[in-house]
Amino acid sequence: MPELPEVEALKDFLTEHLVGHEIVRVLPVAISVLKTYDPPLSALEGHEVAAVRRYGKFLDIGTADGPHFVTHLARAGWLHWKDRLPDGPPRPGKGPLALRVALETGAGFDLTEAGTQKRLAVYVVADPQEVQGVARLGPDPLADDFDERRFTELLAGERRQLKGALRDQSLIAGVGNAYSDEILHAARMSPFKLAASLSEEETGRLYAALRDTLTEAVERSRGVAAGRLKAEKKSGLRVHGRTGEPCPVCGDTVREVSFSDSSLQYCPTCQTGGKPLADRRMSRLLK
């Protein structure tokens with residue numbers, strides 16, 4: 001799933017390639033991606049792109065005197081830029097193509113989604129805050145005013161485990177499964193540790209890991225073409241998606257805990273005092 005750093009990089013890329021250009025055609029291929037119907041997609045056509053913004057994991061393409069095109073790429077969605085779009089409208093079918101946006105230059109982008117769980121979402125709205133997912137977002141962890149005091153206030157009384165708290169978009173915007181693993185590894189904390197149990201020193205350590213991990217990921221992604229961002233993300237991850245590999249910090253084997261539709265990765269030596277966490281799903285399979 002694209003998270004804050006990749007969406008930030010896409011925002012920068014689209015700012016360079018879209019702003020000042022006119023949207024001449026928006027062609028839906030998979031109707032399931034459309035989450036709003038008034039105004040229609042066609043309301044974007046004929047309007048010049050004025051700005052591209054990011055809200056958590058949401059991308060907002062705002063026109064100068066018209067509606068906003070807001071999208072969330074979900075788990076398996078992606079944006080593919082094309083300097084020259086194919087001639088003719090795309091054909092509906094069983095492929096990954098979900099929607100195409102064309103500019104007056106002949107360039108544009110496709111939104112695609114792999115797999116069978118179709119969660120890619122597109123909204124056309126007068127204001128991004130009309131999108132429920134945007135309206136409920138917590139603060140952006142890379143905002144200038146997101147300091148350690150504000151982070152401490154957010155965690156005060158938070159009874160969930162750190163992994164779940166970091167992924168809650170209404171608490172902190174933009175962090176997903178991959179970067180929550182990376183942040184907790186950098187902070188040397190168990191994903192199952194309760195947020196409310198953190199000491200002042202631990203809170204400061206987690207805050208620094210949050211900011212540093214995301215900032216470094218954004219810097220790695222900056223200037224990378226849209227088509228290479230997935231590979232760039234994977235190359236920079238230390239523990240997430242690296243089950244069975246050596247931890248780059250201590251050399252211990254990266255372990256995994258599986259859930260019904262996701263998994264987390266961690267290093268026992270760095271994060272849990274050398275003790276493997278219980279993987280309840282695997283335990284049930286072995287019975």
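No hydrogens, no waters, no symmetry mates; every other heavy atom, side chains included, goes into these values.
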Donor-acceptor pair, R255 side chain versus T243 backbone, under 3.5 Å? no

A173 and P141 have their tightest heavy-atom pair at O-CD, 3.0 Å

Any link between L59 and I61 through a network of hydrophobic side chains (Ile, Leu, Val, Met, Phe, Trp, Tyr) touching at under 4.5 Å? yes

Do any pairs count as a salt bridge (Lys or Arg N to Asp or Glu O under 4.0 Å) and have a residue in residues 173-187, sequence neighbours left out, and if so which ones? K163-D181

Run the side chain to side chain donor-acceptor pair (under 3.5 Å) test on T112 and H80 for me, step by step, so that the C-alpha distance in whole Å, both residues' side-chain angles and the decisive distance to 0.1 Å come before the verdict. CA-CA 8 Å; T112 64; H80 302 268; 2.9 Å; yes

Side-chain polar contacts of residues 245-253 - donor-acceptor pairs under 3.5 angstrom, sequence neighbours left out - could you list them?
from : atom 1 : to   : atom 2 : distance (Å)
E245 : OE1    : R242 : NH1    : 3.4
D252 : OD2    : T269 : N      : 3.3
D252 : OD2    : T269 : OG1    : 2.8

Using 0.5 Å steps for rounding, measure from the CG atom of L206 to the CZ atom of R211. 13.0 Å

P5 vs L214 side-chain heavy atoms within contact, under 4.5 Å: yes

Close side-chain approach of L162 to L198, heavy-atom, < 4.5 Å: yes

Student check: side-chain heavy atoms of L277 and P268 closer than 4.5 Å: no

T63 side chain vs P67 backbone, donor-acceptor pair below 3.5 Å: yes

Quick check: do W81 and L10 have side-chain heavy atoms less than 4.5 Å from each other? no

Side-chain touch H240/L237, heavy atoms, less than 4.5 angstrom: yes

Report the C-alpha separation of F58 and Y123 in whole Å, then their side-chain angles, then the decisive distance to 0.1 Å, and conclude whether the side-chain contact (heavy atoms from CB on, under 4.5 Å) test is met. CA-CA 10 Å; F58 289 84; Y123 310 82; 4.1 Å; yes

Quick one: side-chain hydrogen bond (donor to acceptor under 3.5 Å, both in side chains) partners of D145, sequence neighbours excluded? none

After noting the C-alpha distance and the side-chain angles of W78 and L111, does the key distance pass the side-chain contact (heavy atoms from CB on, under 4.5 Å) rule? CA-CA 6 Å; W78 197 245; L111 293 182; over 6 Å; no

Between L264 and I183, is there a shared hydrophobic cluster once you connect ILVMFWY residues whose side-chain heavy atoms come closer than 4.5 Å? no

Within the distance-only criterion (no hydrogens, no angle test), does the side chain of Q169 pair as donor or acceptor with the backbone N or O of G56 below 3.5 angstrom? no

Measure the shortest side-chain to side-chain distance between F192 and T272 over non-hydrogen atoms and say whether it is less than 4.5 angstrom. no

K233: salt bridge (charged side-chain N to carboxylate O under 4.0 Å, His left out) partners, not counting sequence neighbours: E3, E6

List the atom of P90, the atom of L27, and the distance in Å for their closest heavy-atom pair. CD-CD1, 3.6 Å

D168 and R160: CA distance, side-chain angles, deciding distance, salt bridge (Lys or Arg N to Asp or Glu O under 4.0 Å) verdict: CA-CA 10 Å; D168 183 352; R160 285 175 295 178; 2.8 Å; yes

L85: which other cluster members, linking ILVMFWY side chains closer than 4.5 Å, directly or transitively? none

Is there a side-chain contact (heavy atoms from CB on, under 4.5 Å) between L166 and L184? Walk through the geometry before answering. CA-CA 9 Å; L166 289 174; L184 290 167; 3.9 Å; yes

In Å and rounded to the nearest 0.5 Å, what is the CG to CG distance from D60 to D127? 8.5 Å

Side-chain heavy atoms of P276 within contact of Y266, under 4.5 Å: yes

Would L73 end up clustered with L18 when hydrophobic side chains under 4.5 Å apart are linked, directly or stepwise? yes

If you look only at pairs with a residue in residues 135-144, which of them pass as a salt bridge (Lys or Arg N to Asp or Glu O under 4.0 Å), with sequence neighbours excluded? R54-D140

Please identify each residue that fulfils salt bridge (charged side-chain N to carboxylate O under 4.0 Å, His left out) with K35, with sequence neighbours left out. none

Identify all side-chain donor-acceptor contacts of residues 97-109 below 3.5 Å with residues at least two apart in sequence or on another chain.
from : atom 1 : to   : atom 2 : distance (Å)
R100 : NE     : D110 : OD1    : 2.7
R100 : NH2    : D110 : OD2    : 3.1
E104 : OE1    : E22  : N      : 2.9
E104 : OE2    : H21  : ND1    : 3.0
T105 : OG1    : A107 : N      : 3.2

May I have the list of side-chain donor-acceptor pairs in residues 42-49 shorter than 3.5 Å, sequence neighbours left out?
from : atom 1 : to  : atom 2 : distance (Å)
E45  : OE2    : V26 : N      : 3.0
H47  : ND1    : D65 : OD1    : 2.8
H47  : NE2    : A43 : O      : 3.2

Do you see a donor-acceptor pair shorter than 3.5 Å between the side chains of E256 and S258? yes

Main-chain N/O of E232 paired with S235 side-chain donor or acceptor, under 3.5 Å: yes

Same apolar cluster: V124 and Y55, side chain cutoff 4.5 Å: no

Can we say R150 and E153 salt-bridge, meaning some charged N sits less than 4.0 Å from an Asp/Glu carboxylate O? no

If you count every heavy atom of other residues, nucleotides or ligands that lies below 6.0 Å from E200 atom CD, does the total exceed 12? no

Say you draw a straight line from CG of N177 to CD of Q265; how long is it, rounded to the nearest 0.5 Å? 7.0 Å

Judged by atom type as modelled, is there a donor-acceptor pair below 3.5 Å linking the side chain of E8 to the main-chain atoms of V218? no

Once salt bridge (charged side-chain N to carboxylate O under 4.0 Å, His left out) is applied, do any residues pair with R53, and if so which ones, sequence neighbours excluded? none

Shortest non-hydrogen pair, S262 vs R75, comes out as CB-NH2, 4.3 Å

side-chain contact (heavy atoms from CB on, under 4.5 Å) between F13 and V52, worked out: CA-CA 9 Å; F13 178 88; V52 182; over 6 Å; no

My understanding is that only residues two or more places apart in sequence, or in another chain, count here; which of them pass salt bridge (charged side-chain N to carboxylate O under 4.0 Å, His left out) with E148? none

Evaluate the ring planes of Y207 and F151, with Trp represented by its six-membered ring, and classify them as parallel (under 30°), tilted (30 to 60°) or perpendicular (over 60°). tilted

Could you list all the side-chain hydrogen bond (donor to acceptor under 3.5 Å, both in side chains) pairs where at least one residue sits in residues 185-198, not counting sequence neighbours? none

Okay, side chain of H68, backbone of V70: is any donor-acceptor separation there less than 3.5 Å? no

Report yes if the side chains of Q271 and P191 come closer than 4.5 Å at any heavy-atom pair, otherwise no. yes

